[in-house]
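Before any comments, here is the structure.
Since the model is a prediction, treat every value here as computed from it, not as a measurement. The chain is numbered in sequence order, starting from 1.
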Amino acid sequence: MNIADLRKSYEKAELNENASHANPLKQFEQWLQEAIAAEVPEPNAMTVATVGSDLRPSTRVVLIKGYDERGIVWYTNYESQKGRELAGNPFAALQFHWVELERVVRIEGRVEKVSDEESDAYFHSRPLDSRIGAWASPQSQVIEGRTVLVTNAAKYAAQFMLKPPRPPHWGGYRLVPDSWQFWQGRKSRLHDRLRYTQDGDQWLRERLAP
């Protein structure tokens, strides 16, 4: 089959100004909960896009770990590629794609580190293997093979036993949104697309052509 011939018709739902929330966080929460209720595979998975000092964008998939009026939170290695890029350019874009619901959410804004207290609390809630893994993996660095990870994991498991502390190079980021977009697939490629941008203390909601 020619890949250019792959198509589908989007007909599951609609998104209009009257039925959507005035606050984008409320709209996001509704869609996220609907994705969870629909048992979409990994509804908490999101793509994070950052830009390096060479102006080349890069993306990766991470898991959202929290959200509220302050922003969207995830956790990672601060010395990873995304960590280094955020240190030089503290802006990012997030994207959720719930294929089964024919929905996409895009979020853009400034990124900041969460507090040490928040990072500590989440780190200690993780399974033991995940806590050891945070020490064992020099994320984004070249390694000779998987044996490096296995050896590191064994070393830190023996060193810390059941109580590994949070690594100083590991913690949370919070994206503070200044722009949201909600996309709902529609028939004939006439998709619904709403954008929210900050207008003082309020959010300006506008429809964009798909």
Worksheet entry | K65 NZ/CZ over Y122 ring centroid, <6.0 Å and within 45° of normal | no
Item to complete: Taking R174 for its side chain and K113 for its backbone only, find out whether a donor-acceptor pair lies under 3.5 Å.
Response: no
Fill in: Whether Q202 side chain and D199 backbone form a donor-acceptor pair below 3.5 Å
no
Worksheet item: Going by heavy atoms in the side chains, are N77 and P138 under 4.5 Å from each other?
Response: no
Worksheet entry | Main-chain N/O of G172 paired with S119 side-chain donor or acceptor, under 3.5 Å | yes
Discussion item. Is there a path of hydrophobic side-chain contacts, each under 4.5 Å between heavy atoms, that joins I64 and V62?
Written reply: yes
Worksheet item: Given the rule that I, L, V, M, F, W and Y join up when any side-chain heavy atoms are under 4.5 Å apart, are Y67 and L175 in one cluster?
Response: yes
Practice prompt. Go through W180 and L25 one step at a time and tell me if the side-chain contact (heavy atoms from CB on, under 4.5 Å) criterion holds.
Written response: CA-CA 9 Å; W180 299 72; L25 183 64; 4.1 Å; yes
Discussion item. Under the rule for ring-ring contact (aromatic ring centres under 6.0 Å, His included), what residues qualify as partners of F96, not counting sequence neighbours?
Written reply: F28, W98
Discussion item. Closer than 3.5 angstrom, by distance alone: can the side chain of R195 be matched with the main-chain N or O of S179 as a donor-acceptor pair?
Written reply: no
Worksheet item: Looking at Y10, does the NZ or CZ of R186 lie under 6.0 angstrom from its six-membered ring centre and within 45 degrees of the ring axis?
Response: no
Worksheet item: Strictly by modelled atom types, are T50 and R60 linked by a side-chain donor-acceptor pair under 3.5 Å?
Response: yes
Discussion item. Counting C-beta onward and ignoring hydrogens, is there a side-chain heavy-atom pair between N23 and Y196 closer than 4.5 Å?
Written reply: no
Fill in: Single-linkage hydrophobic cluster, 4.5 Å side-chain cutoff, I107 and W183 together
no
Worksheet item: Is it the case that one hydrophobic cluster holds both L101 and L15, taking links as side-chain heavy atoms less than 4.5 Å apart, direct or via other members?
Response: yes
Discussion item. Less than 4.0 angstrom from a charged side-chain N to a carboxylate O is my criterion; do E34 and K12 meet it?
Written reply: no
Practice prompt. Take atom NZ of K163 as the centre, draw a 6.0 Å sphere, and report whether it contains more than 12 heavy atoms from other residues, nucleotides or ligands.
Written response: no
Worksheet item: Between R146 (side chain) and V150 (backbone), is there a donor-acceptor pair under 3.5 Å?
Response: no
Discussion item. Quick one, Q30 with L32, criterion side-chain contact (heavy atoms from CB on, under 4.5 Å). Give me CA distance, side-chain angles, the key distance, then yes/no.
Written reply: CA-CA 6 Å; Q30 177 183 326; L32 176 60; over 6 Å; no
Worksheet item: Considering all heavy atoms of both residues, which atom of K187 and which atom of S9 are nearest to each other, and what is their separation?
Response: CG-OG, 3.9 Å
Item to complete: Count the heavy atoms of every other residue, nucleotide or ligand shown that sit under 6.0 Å from CG of N2, and state whether that count exceeds 12.
Response: yes
Worksheet, complete the sentence: OG (S80) and CD (E85) are apart, to the nearest 0.5 Å, by 8.5 Å
Worksheet item: What distance separates Q198 CD from D178 CG, expressed to the nearest 0.5 Å?
Response: 6.0 Å
Item to complete: Using modelled atom types only, decide if a donor and an acceptor are shared between the side chain of T151 and the backbone of T147 within a distance under 3.5 Å.
Response: yes
Practice prompt. Specify the closest pair of heavy atoms between I132 and A153, including all atoms of both residues, with the distance to one decimal.
Written response: CG2-O, 3.5 Å
Worksheet item: For the residue pair Y173 and W74, does the interplanar ring angle fall in the parallel (under 30°), tilted (30 to 60°) or perpendicular (over 60°) class?
Response: tilted
Practice prompt. Could you tell me whether E17 and R207 make a salt bridge, using a distance below 4.0 angstrom between a side-chain N and a carboxylate O?
Written response: yes
Worksheet item: If we only count heavy atoms from C-beta on, is the R7 to R189 side-chain gap below 4.5 Å?
Response: yes
Worksheet item: Rounded to the nearest 0.5 Å, what separation is found between the OG atom of S137 and the CG atom of L149?
Response: 5.5 Å
Item to complete: Check E79, H169, K82 against Q139 for a side chain to side chain donor-acceptor pair (under 3.5 Å) and give me the one that passes.
Response: K82
Worksheet item: Between the side chain of Q27 and the main-chain N/O of H21, is any donor-acceptor distance below 3.5 Å?
Response: yes
Discussion item. Are F123 and P167 packed together at the side-chain level, in the sense that at least one heavy-atom pair is separated by less than 4.5 angstrom?
Written reply: yes
Worksheet item: Where the side chain of E102 meets the backbone of A13, is there a donor-acceptor pair that is under 3.5 Å apart?
Response: no
Worksheet item: With a 4.5 Å limit on heavy-atom distance, are the side chains of V105 and R103 in contact?
Response: no
Discussion item. As a quick check of understanding, evaluate side-chain contact (heavy atoms from CB on, under 4.5 Å) for E42 and V61, giving each step before the final call.
Written reply: CA-CA 11 Å; E42 292 200 284; V61 176; over 6 Å; no
Worksheet item: Which value, rounded to the nearest 0.5 Å, describes the distance between M161 atom CE and Q159 atom CD?
Response: 11.5 Å
Worksheet item: Okay, side chain of R126, backbone of A134: is any donor-acceptor separation there less than 3.5 Å?
Response: no
Item to complete: Look only at the side chain of R193 and the backbone of A209, and say whether a donor-acceptor pair between them is shorter than 3.5 Å.
Response: yes
Worksheet item: Just how far is it from atom CD of E29 to atom CG of D68, taken to the nearest 0.5 Å?
Response: 10.5 Å
Discussion item. Quick check: is V114 connected to F91 through a chain of hydrophobic side chains (ILVMFWY, heavy atoms under 4.5 Å apart)?
Written reply: no
Fill in: E206 side, atom CD; Q181 side, atom CD - distance, nearest 0.5 Å
10.0 Å
Fill in: Neighbour count >12 (heavy atoms, 6.0 Å) for atom CG, L6
yes
Practice prompt. Evaluate the ring planes of W135 and Y156, with Trp represented by its six-membered ring, and classify them as parallel (under 30°), tilted (30 to 60°) or perpendicular (over 60°).
Written response: tilted
